[in-house]
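Beneath this line is the structure, given in structure tokens, with notes to follow.
For this chain, numbers begin at 1 and follow the sequence in order.
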Amino acid sequence: GGGGALELLHRGAFGREASRLVAAVIDLLREGGFGDAHLDACFGALFIYVTGYAEQSTKSDVFEIGLTALIQGLKPLARPQ
């Protein structure tokens, strides 16, 4: 990857706490059933949703794919047991 915010978060450029937060979110996404192929898109969608920050290089279709995957992954949790 390049030097965008998501890559910098993964590499720890925003500090150890930010890197730990990224690792924890990735772990939660994996625990929620998201595979490696979707982790970056899902993390990116969460990052944009929570922070409101979108890199200029972020394509809207990548965000849409990530957001759709997140919503689909969360639907089983919203259903009554």
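With hydrophobic clusters built from ILVMFWY side chains whose heavy atoms lie under 4.5 angstrom apart, F34 does not share a cluster with L28.
Rounded to the nearest 0.5 Å, atoms CG (L29) and CZ (F43) are 8.5 Å apart. The distance from atom CG of D27 to atom CZ of R20, rounded to the nearest 0.5 Å, is 12.0 Å.
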